[in-house]
Enquirer: 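Sharing a structure, written as structure tokens. Questions coming.
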Amino acid sequence: MVWTGTWVSDRLGIELAGDDELRGLLGLALRRNPKRAHLLVSGVLGKHVPQLPSVVHGHGVTLGRRVRALLGPEEAARAVVLGYAETATALGHAVADGLETAPYLHSTRRPVASVPSAGGFEESHSHATSHLLLPEDPAFFDRGGEADRGPLVLVDDEFSTGNTVLNTLRDLHARHPRDHYVIVALVDMRAPGDAGRLAAFAEETGARVDVVAHARGTVRLPEDVLARGLRLVEEQDGGTADPLVPCAPAAAPVRLELCWPAGLPDGGRHGFTPDHRARLREALPAMAARIVDGLGGPEQAGRVLVLGFEELMYAPLVLARALEEAGLDARFSTTTRSPVLAVDDPGYAIRTRLAFPAHDDPADGPGERYAYNVAGGGFDTVLAVVDSAADTPALHAPGGLLAQLATAAPRVALAVVPAHTPVPRTPDRQEPPVLPAPLRGPDFSSYEPDDVGWLLQDLSAVRLEAPVEEREEAVQRGGAHYAESLPVEYQPTEEYQELYRDALAGSAARIARAVGTVTELVLAERSPRPVLVSLARAGTPVGVLMRRWARHRHGTELPHYAVSIVRGRGIDANALRWLAAHHDPADVVFVDGWTGKGAITRELADALAGFPGFDPEIAVLADPGSCVRTYGTREDFLIPSACLNSTVSGLISRTVLRDDLVGPHDYHGAKFYRELSGSDVSRDFVAAVEARFDEVADAVDQQVKEAASADRAPTWEGWAAVERISEEQGIHDVNLVKPGVGETTRVLLRRVPWKILARRGAGADLAHIRLLAEQRGVPVEERDDLPYTCVGLIHPRYTRGATGADGKAVGSA
């Protein structure tokens, strides 16, 4: 047998080192992904490579039994299992089967309006990075009670760096801290340094962290493997996506009725309990018999591939295993989002590829999907198993999945599992109370009443401030979320205020030009009567200026509101409900000041997927991260409103989200710092920029004309740069890397900075950055290779008494 990693290994020098069984578990392939060119292809996972269902399920059950033995019966009975979408959804299910008594949940990329997110995290190297946790039972992660949470078992197919696991642990430990985590994988391929970061998390939190894997090893990569891998992909297929194979309409597939048990979830997207597991086991033999009868018996069915659908892996897997037990020659694999190069060579893991359009109306938009190693697999029948949300006209269309399968096998059948619709468990099902009207100045904020309505609750009487160092330590130890408190407001020195005034005088025209450009693009492309909704608070001065531009240039009074959005927690759902009740959601345009790496852009897209009618595309003044298509400029320059905090944002604090202050029917909170009115420059900032509107009008018209014909599609260059810097600096957490002048300023004002990376020769745009860095004793490192003017790095392992990158003790603002 030729190892299915030989082709890649011979050409790129990639090596697997470790346990003897590694090559039996893994092959290698190449994929179109600028973050990681190679792909470890599991032969026993049932994703890319068709495999016996008993082998796929058996590997997961074996891991689950090992976890049970590690924990002991009492702790195993208290455990919960979490798997990763999309590749490990069935594996996690099977691990839970091995544990026998554990409820199961897997992350998802399919938002549901009725289910609030219980968390989320980023899988940075993935083709689709954002994960949501949407348990139907809000107490899923608190099994046993908040004071006595049992072990959490995290299941993925393989660990390469451990970044995804660490991101998950940090997010969940901040929300649901516990004292024992078990990490489970088919293969553990972390380098020693990566393994050390998991140990560091355990030391920081005081939690025990165990790792259980079938095999261990490392991947040895040449330094230039990414560039060489991408070139190799281009050589093989031109570096472009496969053209969809033009298929004539195929004969209608045989539709098989499963008689899926009523009320039984289709998988672990919203939770799967031991009772669900027992009901499914009881129903499987009868469902398998119906499939066999529908295919005309084992002889007519021949060699069968049961093909699952992206996250829907477990239901097709156990159906395939039931067919195997009924005597059919059955294999199992699933479709996937991930684009992988196909090479028809026995030493390569992905021999063939079918490409087809997405057919489940995904929240992140249309795109290609793939089925690997189906064509040429010698299958007589392919049984596609999808959920009802994916049984759409696109599934049945020419060129769709079913038509593509008809080119690869003589017979195609379809079985549809009802998609589970969660019903949130709340104490009552009554309609929420009528929400209050927006807050306005002068009672709340120093802006004119018509300039902005704040969809927030006033927490001015509540003490929320904590020293920067205490907040940083609490956040990084997982004991708090950054939105649960406020930093002490930075009081600028006279020298710093002079820098702000100079910056405003020097950039007011440039800001006016960007304001005009983004406003005109919104009016031309989004809505002639847009409802501006700024993301508080950095977006609020921009929203006020956009409203002023529309009035100055067109005589149009645009509504403008400010709402709260919190990274990792989503947007204020009650604010959205108020907006939907008072305006057409199609007219709502979300506004922010600038993009950094695009985290809030992604957060908004995820949050709005459950609110039909709202467009998730943000309009920003500056888009240095190339994350949006509606912007005033993509230059990374100093926007003076980023230099200050509340005193340039209507005297409003950043927003607060804390369970004891914000109830289920409340807006997120914020404070109005009336006591700082003597230092307030909010109206002065707006007036200084508005005064330049007439002089930039012609330049705005020219920029809008050029933008209309330009390719403004986001490239996410900023996100890629942040990932590179994160790894290069040994931080391994993109949330601690803050790119751009605005975000770097925030780091210096609100967080514990580690060091600043600055583009050499940036000049006046960085004068205030250098002054703040000097005041806090933070080193500034000049660089020639930055895509941003500067990047702020938050201290990666902050505790009080920690040292900065230069070895000096971290000072306070």
Side-chain angles (χ1 to χ4, degrees), residues 452 507 510-527 530-550 558 560-565 567 571 588-608 614-643 648-649 654 685-686 689 696 700 703-704 706-708 710-719 721-722 738-746 765 787-790:
V452 58
S507 63
R510 184 159 51 163
I511 297 167
R513 189 162 61 248
V515 167
T517 300
V518 70
T519 309
E520 294 296 337
L521 288 174
V522 165
L523 292 170
E525 299 177 353
R526 301 288 292 276
S527 170
V531 178
L532 304 178
V533 178
S534 57
L535 303 180
R537 71 185 167 187
T540 308
V542 179
V544 171
L545 283 166
M546 290 175 68
R547 185 181 181 279
R548 295 284 186 97
W549 176 276
L558 299 182
H560 175 217
Y561 306 96
V563 302
S564 169
I565 186 169
R567 179 174 54 78
I571 198 166
V588 170
V589 177
F590 292 95
V591 174
D592 207 357
W594 55 83
T595 65
K597 55 181 173 286
I600 290 298
T601 308
R602 292 170 185 250
E603 187 84 42
L604 182 65
D606 289 342
L608 290 180
F614 289 99
D615 187 339
E617 183 183 338
I618 303 179
V620 299
L621 191 67
D623 180 35
S626 191
C627 306
V628 300
R629 67 179 307 276
T630 307
Y631 54 85
T633 179
R634 275 188 169 153
E635 295 179 55
D636 182 19
F637 71 97
L638 171 59
I639 301 171
S641 59
C643 291
V648 78
S649 303
R654 66 177 307 162
F685 172 75
V686 171
V689 176
V696 302
V700 167
Q703 282 189 228
V704 171
E706 293 171 358
D711 180 6
R712 291 180 279 136
T715 64
W716 294 93
E717 293 176 8
W719 189 274
V722 164
K738 303 295 185 181
V741 178
E743 293 300 304
T744 302
T745 304
R746 287 178 167 186
D765 278 336
Y788 295 92
T789 302
C790 60

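The basis for the numbers below is simple: all heavy atoms, side chains too, and nothing from hydrogens, waters or symmetry mates.
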Enquirer: So, do Val700 and Trp549 sit near enough that their side-chain heavy atoms are less than 4.5 Å apart?
Expert: yes
Enquirer: At what distance, to the nearest 0.5 angstrom, does CG of Leu545 lie from CG of Leu532?
Expert: 11.0 Å
Enquirer: Got a second to check how far Lys738's NZ is from Thr745's OG1, nearest 0.5 Å?
Expert: 13.0 Å
Enquirer: Give, for atom CG of Leu608 and atom CD1 of Ile565, the distance between the pair rounded to the nearest 0.5 Å.
Expert: 7.0 Å
Enquirer: Where do Ala713 and Ser626 come nearest, in terms of heavy atoms and distance?
Expert: O-OG, 4.4 Å
Enquirer: Do the non-hydrogen side-chain atoms of Val531 and Val589 ever get within less than 4.5 Å of each other?
Expert: no
Enquirer: Determine whether a donor-acceptor pair (N or O, by modelled atom type, separation under 3.5 Å) exists between the side chain of Ser534 and the backbone of Tyr561.
Expert: yes
Enquirer: In sequence, state the C-alpha distance, the side-chain angles, and the governing distance for Trp594 and Val620, and then conclude on side-chain contact (heavy atoms from CB on, under 4.5 Å).
Expert: CA-CA 5 Å; Trp594 55 83; Val620 299; 5.7 Å; no
Enquirer: Minimum heavy-atom separation for Tyr788 and Gly625, please, with both atom names.
Expert: OH-CA, 3.4 Å
Enquirer: Heavy atoms only: give me the nearest Val518-Gly632 pair and the separation to one decimal.
Expert: CB-N, 3.7 Å
Enquirer: Could you walk me through whether Val533 and Val591 pass side-chain contact (heavy atoms from CB on, under 4.5 Å), step by step?
Expert: CA-CA 6 Å; Val533 178; Val591 174; over 6 Å; no
Enquirer: Which atom names give the shortest non-hydrogen contact between Thr540 and Ala562, and what distance separates them?
Expert: OG1-CB, 3.8 Å
Enquirer: Can you see which heavy atom on Ser564 is nearest to which on Ile571, and at what distance?
Expert: O-CG1, 3.5 Å
Enquirer: Counting N and O atoms only, with roles assigned by atom type, does the side chain of Arg526 sit under 3.5 Å from a partner on the main chain of Glu617, one being a donor and the other an acceptor?
Expert: yes
Enquirer: Say you draw a straight line from CD1 of Ile618 to CG of Asp623; how long is it, rounded to the nearest 0.5 Å?
Expert: 9.5 Å
Enquirer: Picking from Leu521, Val515, Thr519, what satisfies side-chain contact (heavy atoms from CB on, under 4.5 Å) with Thr517?
Expert: Leu521
Enquirer: Which heavy-atom pair separates Pro616 from Leu604 by the least distance, and what is that distance?
Expert: O-CD2, 3.4 Å
Enquirer: Return the set of residues passing salt bridge (charged side-chain N to carboxylate O under 4.0 Å, His left out) with Glu525 (not counting sequence neighbours), or none when no residue passes.
Expert: Arg629, Arg712
Enquirer: In Å and rounded to the nearest 0.5 Å, what is the CZ to CD1 distance from Phe685 to Ile511?
Expert: 4.5 Å
Enquirer: I need the Glu520 CD to Gln703 CD distance, nearest 0.5 Å.
Expert: 11.5 Å
Enquirer: Find out whether Leu558 and Pro530 are in side-chain contact, i.e. whether some heavy atom of one side chain is under 4.5 Å from a heavy atom of the other.
Expert: yes
